[in-house]
Amino acid sequence: MDKRPNFKKIEEKWTKLWNKDLQRLFKFDINKKGNVYIIDSPPPFTSGDAHMGHALGWVWMDFIARFKRIEGYNVYLPQGWDCHGLPTELKVENRLKIPKTDVERFLKACREWTENSIESMKNTFKKLGFVPDWSKEYKTMDRKYKAFVQYTLIRMFEENLIYREEHPILWCPNCKTAISAEESGYIKRKDIFAYIKLPIKEENKSILIATTRPEMISACVVVLIGDGIYVETKEGLIVSKVYAEKEGLEIIREYDANELEEKIVEIPLINREVRIKRDPEVEYEFGTGIVWVCTYGDEMDIKWQKKYDLPVYQCIDTEGRIINSLKEINGLKVEDARKKIVEILKEKGYLYKSEEIEHNVLVHAERSECKHPIELIPKEQFFIRILDLKDKLLEIQKDIKFYPEWMRQRLINWINSLSWDWVISRNRIWGLAFPFLKTKDSKIISVDLEDLPFDPRTDKEKLEKYKRIYGDIEPFSEVVDVWVESSITPLAIILYALIEEKDIDPKDLPRLFNKIKEYVPVDLRPQGYEIIRTWLFDTLVRVYLLTGKKPWKEVLINGMVLAEDGRKMSKSLGNAVDPNDIIDKYSADALRYWALFSSHGDDYRFAWKDIETGQAFLIKLWNLSRYIWMNCKNVDIKNKPGLSKEDVEFLKRLEKLIAKSHSLVGEYKFQEYIKLWRKFVWGEFANSYLEKNKMRVKQGDLAAKWTLLATLRIILAYLHPAFPFTTEEIYSIIFGKKENKKSIIETKFKELESLFPH
RNA sequence: GGGCCCGUAGUCUAGCGGUAUGACGCCCGGCUCACUACCGGGAGGUCCGGGGUUCGAAUCCCCGCGGGCCCACCA
């Protein structure tokens, strides 16, 4: 053994072995029953480079997989790739300057870009010591993955779980695309808050409403008042009593709500009469205590429109311009129209006043730099029915174990906050097409299984076939939301295990699907908390709808990686550290030491000194082994000599530690595990037992030598899941040949039990 | 506005009903034949503040203060 471990050489050697010659040790055999452990590992979005967040998650998974393997499980650790998505599309468009109009060329460029990203990320994962079963590697852009997703969509469509309907959807006028709730977010913004007088029919009085969306005047369908007292002021304005008092307006008389409900309001400039209704959800204290409902100003308007079955007026188009309104503002951008209409209202005497208000505006926020305010626009979209599912989802989540338990709350909150069905269509290019067609009488039909995967943009001959059968048919131009693809990973990984590298006959999918169902729920879903409301939730929905079961038995949540400055680590902040640099400067095992010290769900700070701490421990382990190699390597471990009392006690202490280790891993407490073993190896073994017994070793005491060797053998097995490179190298030098084994993975913890005194 | 989390030695961190885990740093002493990236020894904490439950609280409950994250319809 060298005086110092050459980490670079060791890493190169073992990375190659595990991923090639020894890859068989990491294979999941789906035909072997019993003792199966399946990890629904995340397919990372193929953004380009692996970051520290990946390093953390992938080390956790690899630790679990290795430990379970040595425990004797038939482990399935898959590696997939989430390929589709807007960021790739934008990169191809902007960097490679390929026009979206040339669809075939554009798609090809996206595919090439994605393949390159995968290679780069895969390389980093391998350097970390992460070893999946490569024979089942999947990409969401694979033909068979796409066919499978489309098959599940057809199934759901046939069970009436998917529908197409005109519905107000979140629409980004800037990106000209529908977005989902999870892509939107609120930001604080300053806007006009206009107080508008709405005359009451046949009375010389006006209702005063306050709004941030005066430009939507042509879409006003009802005026709502809340539970409270309303008053008439000297100026002939009807407002909440609270507002009148606050503004110091002279009150002439009070109304009760019933009296107001009789009245009809004339919407100025557009010549429409609307009713006044009382609704408990109106915030009496806010503004004038009165609201006009426009279709659709915000999500609340949708609720009220449905509740009172109000007519829908679309006053904004997909470009974010005003339509169907006054000729003065038609064609104007929303923001310009807002200013203009305020001027007009003022001119005509309908504007009571306008002020500035800071409020939360729904914008296109996540996975996007756009930040443009979102409009609600009625459009035909595909939906998955999830609203009816709330109670059921709340029920089944109870049966999934969460680590840490408190992360469950995020899922529950999200389920409770659902307010409409899941919009699954996107107006984009780099994505999966819908396996549906529209006939000339507007009926939606699924394509035949034999035609999967189906893409009307490129499969011209398949389209021809349907044209021959149905006459005029129309494909859908949208693509599927990326989460629809990634939300069936627990099922897709089983599909890949069943077929391995073979291609599939799509007509075989129903048979395969029935087989897949048998493996649900799988054992573990590891992921970060930031995608609980997307990936975790969506998977729960899809797997439940498709199989009637929960997707997993357990969920393990990791936190975000923070930079040394305590802020979120990100490229744009310039505080990101590349895992490859850490491995190059120190070692993969040192990086793993850092990753395993993170606790469940909490954000975790990166610090170079933690890497150094890990590195120091690895060197300690190396040198400790070196001493044993120098002094004890010729001892036959299978031939246990008579041990001294001290040796026996020491080994008994180790045996206790082992029992504790297994229970810690059962709860995925990696940090406690490392601490326990570090303390034992460095303190109790190296500095205490070994130091005390050096004399015996020198004198050739076989019992002491045997104890040292046996202890090291056990330590290597238990530290292997954490530090696979270093432990494999030491093992191969001291034990490999004698045991006729190439890797620690080939032995099982159970086999080591014979080394203990009983 | 609601929810979740966090506040523990100089710094970071574990524990989450029995006076506290570990790392780094610091102080004193050692180049001892595997390792000076080491060895031996040591100092350092009113576990954010206040109240409550309990024989007993860092740990449970309530109220504050400070920090972070997530969600939300205030027109």
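In what follows, chains carry the letters A, B, and so on, assigned in the order in which the sequence lines appear, proteins first and then strands, with residues in each chain numbered from 1.
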Counting only distance, no hydrogens or angles, is the base of A14(B) paired donor-acceptor with the side chain of K669(A) under 3.5 Å?
no

Within the structure, does a side-chain N or O atom of K694(A) lie under 4.0 Å from either OP1 or OP2 of A34(B)? yes

**Asked** Any side-chain N or O of S599(A) under 4.0 Å from OP1/OP2 of A14(B)?
**Response** yes

Worksheet item: Within the structure shown, what part of the strands sits under 4.0 Å from E672(A) by heavy-atom distance: base, sugar-phosphate, or nothing?
Response: sugar-phosphate

Contacts of W629(A) meeting ring-ring contact (aromatic ring centres under 6.0 Å, His included) (sequence neighbours excluded), chain-then-number -> none

Quiz item: A34(B) phosphate, OP1 or OP2: any side-chain N/O from K3(A) under 4.0 angstrom?
Solution: no

**Asked** Quick one: is N687(A) getting a side-chain N or O under 4.0 Å of the C39(B) phosphate, OP1 or OP2?
**Response** yes

- prompt: Charged N to carboxylate O below 4.0 Å: is that the case for K353(A) and E355(A)?
  reply: yes

Next on the checklist: Over all strands shown, is I628(A) touching base, sugar-phosphate only, or nothing at heavy-atom distances under 4.0 angstrom?
Outcome noted: nothing

Between CH2 of W304(A) and P of C73(B) the distance, given in whole Å, is 12 Å

Check: Between Y673(A) and Y718(A), how do the two ring planes meet: parallel, tilted or perpendicular, split at 30° and 60°?
Finding: tilted

Picking from A75(B), A14(B), A34(B), the nucleotide nearest the side-chain atoms of V291(A) would be A75(B)

- Task: Classify the nucleic acid contact of S625(A) as base, sugar-phosphate or nothing, counting any heavy atom under 4.0 Å across all strands shown.
- Result: nothing

L562(A) atom CG is separated from C5(B) atom P, nearest whole Å, by 18 Å

Point to revise | Integer angstrom distance from the P of U19(B) to that of C47(B) | key: 14 Å

- Between E612(A) and K609(A), is there a salt bridge with N-O shorter than 4.0 Å? no

Regarding the side chain of N623(A), the nearest nucleotide among C5(B), A34(B), A75(B) is A34(B)

Out of A34(B), A75(B), A14(B), minimum distance to the side chain of R213(A) belongs to A75(B)

Nearest-angstrom distance, C1' atom, C48(B) to U59(B)
15 Å

* Taking atom types as modelled and ignoring hydrogens, do the side chains of D2(A) and W622(A) form a donor-acceptor contact shorter than 3.5 angstrom? -> no

*Using the C1' atom on both, measure A23(B) against A9(B) and round to a whole Å.*
13 Å

Side-chain contact check for Q615(A): nearest option of A37(B), G3(B), A72(B) is A37(B)

Of G22(B), A75(B), A34(B), the nucleotide closest to the side chain of M630(A) is A34(B)

Is there a donor on the side chain of K609(A) or the base of C12(B) sitting less than 3.5 Å from an acceptor on the other?
no

Which of C38(B), A75(B), A37(B) is nearest the side chain of W292(A)? It is A75(B)

Notebook entry, point to check: Between the base of A34(B) and the side chain of E691(A), is there a donor-acceptor distance below 3.5 Å?
Noted result: yes

Picking from C4(B), A75(B), A72(B), the nucleotide nearest the side-chain atoms of V282(A) would be A75(B)

Regarding the side chain of W414(A), the nearest nucleotide among A72(B), C4(B), A75(B) is A72(B)

Is any NZ, NE, NH1 or NH2 atom of the basic residue among D647(A) and R696(A) found under 4.0 Å from an Asp or Glu carboxylate oxygen of the other? yes

W682(A) has its side chain closest, among C39(B), G3(B), C35(B), to C39(B)

